[in-house]
Colleague: 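What follows is a structure written as structure tokens; I'll ask about it next.
Lettering follows sequence order; numbering is per chain, from 1. Quick note: numbers below take in every heavy atom, side chains included, and nothing from hydrogens, waters or symmetry partners.
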Protein chains: 2
Amino acid sequence: MEKKEFKARVFGELAGLAKALAHPFRLQIIDLLAQSSRTVEEIATQLSLSMANASQHLQVLKAVNLVHVLKEGHYAHYHLADDKVVAVWQSLRELGMERLAEIERTLNDFRSQKHVFQAVTIDELLLKMEQDNVVILDVRPEKEYRAGHIPRALSIPIDQLLERIVGLPSGREVVVYCRGPFCVYADEAVDLLQNQGFAASRLEEGFPDWKSRQLPFHALSD
Amino acid sequence: MEKKEFKARVFGELAGLAKALAHPFRLQIIDLLAQSSRTVEEIATQLSLSMANASQHLQVLKAVNLVHVLKEGHYAHYHLADDKVVAVWQSLRELGMERLAEIERTLNDFRSQKHVFQAVTIDELLLKMEQDNVVILDVRPEKEYRAGHIPRALSIPIDQLLERIVGLPSGREVVVYCRGPFCVYADEAVDLLQNQGFAASRLEEGFPDWKSRQLPFHALSD
DNA sequence: AATTTATTCAATAGATTCATTGATTAATTG
DNA sequence: CAATTAATCAATGAATCTATTGAATAAATT
């Protein structure tokens with residue numbers, strides 16, 4: 001094999017990987033699968049796609065080994081194939097947040113509309129945790145909490161927050177987190193908590209970011 | 001703005017970024033620009049593209065802010081816009097080397113053909129450097145060496161290696177590096193050095209990887 | 001002012017990607 | 001064993017991407 005063919009192959013394969021990432025729905029699928037595995041139907045519903053469409057996107061991801069399938073009964077459970085997939089998604093995200101003004105603007109617009117004026121970073125949260133004066137709230141669906149969450153975090157899925165808000169310890173700062181910087185659950189929760197008089201802020205990042213920084217986390221068995 | 005539109009925008013922008021990466025030539029362009037800036041003509045020549053084609057690919061990258069241009073005289077010098085671009089490229093590369101069997105096979109085929117049987121990692125090189133018993137050889141073109149290189153590395157561009165090989169200190173182990181894991185210069189150099197009786201091996205990674213690990217490096221002014 | 005040089009632009013045809021539709025498969029349930 | 005369910009497959013046309021060609025800019029040189 002000569003030099004030229006070698007390069008064509010290697011870069012061709014990698015470009016194929018990038019191409020598999022190059023669709024908004026497929027990035028959203030990866031963002032979802034980074035929380036926990038899902039069936040085709042769950043993905044279709046959560047992203048408002050037809051089953052056929054969701055299935056086809058998943059197959060694009062599968063063709064380049066970014067996800068794999070576990071068939072159980074008549075459900076096909078899709079998983080991310082590797083933590084490195086999350087790593088690529090995170091670095092793409094960070095690049096985008098730095099280079100694409102449009103993203104930052106969109107993010108700010110949305111947050112100011114929800115009255116979310118500042119976000120706490122993971123490093124800042126770590127400090128607060130050391131001082132033990134903060135309530136950590138996971139507002140993702142329970143299944144995702146069970147698949148892995150920040151130690152000592154309480155689980156109140158966003159759609160139960162209004163009714164369960166009274167159970168929260170008052171007088172302590174609350175930091176809410178969800179799936180990641182583009183997940184709006186935490187924004188909605190902060191809006192709601194602040195309306196009820198809580199000192200609440202959201203975590204900028206999400207649980208997958210916590211995990212990929214090798215910080216300890218808890219998971220509950222199935 | 002509602003939730004759905006918000007997601008569509010953000011993920012749409014990020015997918016646009018990924019799409020810009022999703023072409024073999026554009027990945028090669030990024031790999032080249034990670035060494036040092038280049039004119040359109042240099043890129044066209046080095047990748048065997050027509051000027052028009054090279055220019056168009058560069059504009060795809062520019063449209064999403066991955067590169068920027070500095071016009072000087074009638075040359076347009078293209079630079080990477082951000083170190084984060086290298087970070088994404090590296091994580092994509094790593095994912096590919098782990099998930100795509102085809103890449104590993106191609107890499108091994110090529111290396112065994114060049115008699116390069118083992119590569120040293122950056123961590124291993126750091127150990128050898130502490131013991132001060134290794135000659136480090138940079139076989140990239142001189143311009144790239146000048147733009148940044150590993151401290152104490154000697155510069156002998158691959159096409160001058162045969163004639164200048166006699167000047168190398170004999171009896172000491174040689175570690176050769178170049179642009180990165182897919183760059184073949186180091187492989188060719190190792191083949192050549194071993195033929196001349198040197199104990200030579202290549203660095204698995206390249207200079208950009210050294211740099212992005214925040215290790216100290218030298219650069220020579222223009 | 002005319003020429004050269006590096007780059008970009010514009011137009012085109014061929015290839016690829018996408019969402020939708022309806023049919024098909026394969027495992028479970030009644 | 002028929003019906004149901006989750007998922008995939010196949011076919012379609014619309015949209016997008018790509019490399020090539022030749023023309024157009026725009027800066028430097030003659």
Colleague: Give a yes or no on whether the backbone of A:A20 and the side-chain of A:R26 come within a donor-acceptor separation of less than 3.5 Å.
Modeller: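 Checked: pair present.
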Colleague: Could you check if a side-chain atom of A:S212 sits within less than 4.5 angstrom of a side-chain atom of A:Q90, using non-hydrogen atoms only?
Modeller: yes
Colleague: Going by heavy atoms in the side chains, are B:L192 and B:I165 under 4.5 Å from each other?
Modeller: yes
Colleague: Does the distance from a Lys or Arg side-chain N to an Asp or Glu carboxylate O, for B:D109 and B:R105, drop under 4.0 Å?
Modeller: yes
Colleague: Considering residues at least two apart in sequence or located in another chain, which fulfil the ring pair (Phe, Tyr, Trp, His ring centres under 6.0 Å) criterion with A:H79?
Modeller: A:H68
Colleague: Quick test of your reading of the model: are A:R111 and A:D187 salt-bridged, counting only N-O distances below 4.0 Å?
Modeller: yes
Colleague: Do NZ/NE/NH1/NH2 and the carboxylate oxygens of A:D82 and B:R99 come within less than 4.0 Å?
Modeller: yes
Colleague: Using a strict heavy-atom distance below 4.0 Å, which residues from residues 16-28 of chain A are in contact with DNA chain C?
Modeller: A:K19, A:H23, A:F25, A:R26
Colleague: Could you list the protein-to-nucleotides 23-28 of chain C atom pairs, N/O on both sides, closer than 3.5 Å?
Modeller:
| residue | atom | partner | partner atom | Å |
| --- | --- | --- | --- | --- |
| C:dA27 | N3 | A:H74 | ND1 | 3.2 |

Colleague: Please find the earliest and latest nucleotides of DNA chain D, in the 5' to 3' direction, that have an atom within less than 4.0 Å of any heavy atom of chain B.
Modeller: D:dC17 to D:dA28
Colleague: Flag the pair A:E5 and A:R9 as a salt bridge only when some basic side-chain nitrogen lies within less than 4.0 angstrom of an acidic carboxylate oxygen.
Modeller: yes
Colleague: What's the OH-C1' distance between A:Y75 and C:dT29, to the nearest Å?
Modeller: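 Atom OH in A:Y75 sits about 12 Å away from atom C1' in C:dT29.
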Colleague: Run the ring-centre check on A:F182 versus B:F6 and record whether the distance is less than 6.0 Å.
Modeller: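 When the ring centroids of A:F182 and B:F6 are compared, they turn out to be at least 6.0 Å apart.
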Colleague: Quick check on contacts: within residues 32-59 of chain A, what sits under 4.0 Å from DNA chain C by heavy-atom distance?
Modeller: A:A52, A:N53, A:Q56, A:H57
Colleague: Could you tell me how the ring of A:H218 sits relative to the ring of A:H149: parallel (under 30°), tilted (30 to 60°) or perpendicular (over 60°)?
Modeller: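 Ring orientation of A:H218 relative to A:H149: perpendicular.
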Colleague: So, B:R93 and B:D209, do they make that salt bridge, N to O below 4.0 Å?
Modeller: yes
Colleague: Not counting sequence neighbours, which residues clear ring pair (Phe, Tyr, Trp, His ring centres under 6.0 Å) with B:Y185? List them please.
Modeller: none
